[in-house]
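Below is one structure, written out as structure tokens; comments come after it.
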Amino acid sequence: MLSGKCVVVGVCGGIAAYKAAYVVSALKKLGADVRVIMTEAAQQFVGKITFQTLSQNLVVCDMFDEPKRWNVEHVELATAADLMLVVPATANTIAKMANGIADNMLTCVYMATKAKVIIAPAMNKNMYESDATVENMKKLAQRGCRFVDADEGFLACATTGKGRLAEPDKIVEAVIDELAFEKDLRALKVLVSAGATREALDPVRFITNHSSGKMGYAIARAAKRRGADVTLVSGKTALCDIDGVNMVKVESAREMHDEILKRSANCDIIIKAAAVADYAPASVSENKIKKTESDMSIQLCKNPDILSELGQKKPQGQVLVGFCMETQNLLENAKSKLVRKNCDFIVANNLFTKGAGFGADTNTVTIISSDGETFSPENMSKDDLSHIILDAAKKRYDEKNIM
Ligand code: CTP
């Protein structure tokens, strides 16, 4: 995702410096050319050799080190950078950056670069909340720096509060947001549904299915990375929220229906990857249902078919994508759903195909278009497949919305 991109990582002196090692490693794995600058204080926490090994590049620390090649090093780094990431950013370095003090390699590169800058602060809670830091961060944000806000939690100074470095994956995601993918979905509102619904029987039990939500979450993340304004209406999953996506959590099919329908009219693309229960118990017991000596049966009543309703109400110009999982007659059933539910595309898969379906990180699907075309990409990661689905949806969106 980041191949061909140069990320200059500035590491400051804070206990969270060791987490910067993970960030550097992750950026490297994504293909970036990572160039690390450490402040003098940072070297008190983590050795230069760690970053040198992880980045497979020489680490720059001192302005007056003997140069390895003849160039003006801070200018060379500042020019090479597609993005500069300061992690962890201490109160001291943030203050210097905000006030034009360039007294070490990190701050010199910051002042000399025209690249995008991401700052991930970490410090004691009181330092983080101090007027000076708040003002300095505001100044930097106004100048276009992007902040990955510190989290709340247990701090190294044995207090609890805001000041913990954001999760490294969240910092990496911010870099991906800035550098990877063309923002071809910018200005588009994309609504995605994911995960399984839960239909309560009593306060203890529910009816559900095996959906992990991975496909829908991958689509939402991919759309966000391509610049869309994404809302993800999610049933229960074990997955983490996606930073930068408007997350709406629901339990039942009815709740999912209501949350989707109140947003759908304003959306440009809707992708319904959720596994929605077709039926719900006719009544929900207020108390736990007790066992008796006899067998029991549960009466079920029909849930609304959200995709069908979206299809009926589809505004001109909107693109609607449904999913379907079948165990027999895949193409026939999928084509009939495509027509019945007035979709632009149906993404169909067979539960019994290896490397596809519930819980897997890969999927094998057939994408059926309302114009009669079918396309069966090879088995691939749900992340990669998401882009193929989004490409098709975007193309259809453009066709429908030619000025
Ligand atoms: N879907 C929906 N609301 C429902 C049931 C399904 O919005 N109550 C959507 C799913 O999110 C999916 C598509 O419809 O995008 C197809 O789901 P699927 O379960 O395969 O289809 P059903 O219409 O439920 O058909 P059947 O159970 O007969 O296979």
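Keep in mind that what you see is a predicted model, and the values were worked out from it rather than measured. First listed ligand is number 1; within each ligand, the first listed atom is number 1.
- Between the side chain of Lys114 and the main chain of Thr79, no donor-acceptor pair closer than 3.5 Å is present.
- Around CE of Met247, the count of heavy atoms belonging to other residues, nucleotides or ligands within 6.0 Å exceeds 12.
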Apply salt bridge (charged side-chain N to carboxylate O under 4.0 Å, His left out) to residues Asp229 and Lys224 and explain how you reach the verdict.
CA-CA 7 Å; Asp229 171 2; Lys224 187 258 323 196; over 6 Å; no
Could you go through ligand 1 and list every pair where one of its N or O atoms sits under 3.5 Å from a protein N or O, giving the atom names and the distance to one decimal?
unit_1, atom_1, unit_2, atom_2, d
ligand 1, 3 (N), Ile306, N, 3.1
ligand 1, 7 (O), Lys272, NZ, 2.8
ligand 1, 7 (O), Ile306, N, 3.4
ligand 1, 7 (O), Leu307, N, 2.8
ligand 1, 8 (N), Pro304, O, 3.0
ligand 1, 11 (O), Lys272, NZ, 3.1
ligand 1, 11 (O), Ala274, O, 2.8
ligand 1, 14 (O), Lys341, NZ, 3.0
ligand 1, 15 (O), Lys272, O, 2.8
ligand 1, 15 (O), Phe323, N, 2.9
ligand 1, 15 (O), Phe323, O, 3.2
ligand 1, 20 (O), Lys337, NZ, 2.7
ligand 1, 21 (O), Lys337, NZ, 3.1
ligand 1, 23 (O), Lys341, NZ, 2.5
ligand 1, 24 (O), Asp278, OD1, 2.9
ligand 1, 24 (O), Asp278, OD2, 3.0
ligand 1, 25 (O), Lys337, NZ, 3.4
ligand 1, 27 (O), Asp278, OD2, 3.0
ligand 1, 29 (O), Lys337, NZ, 2.8

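- In this structure a side-chain-to-backbone donor-acceptor pair under 3.5 Å is missing from Lys139 to Ala95.
- Without hydrogens or angle criteria, Ser386 side chain to Ala222 main chain gives no donor-acceptor distance under 3.5 Å.
- The ring pair (Phe, Tyr, Trp, His ring centres under 6.0 Å) test applied to Phe181 returns His387, not counting sequence neighbours.
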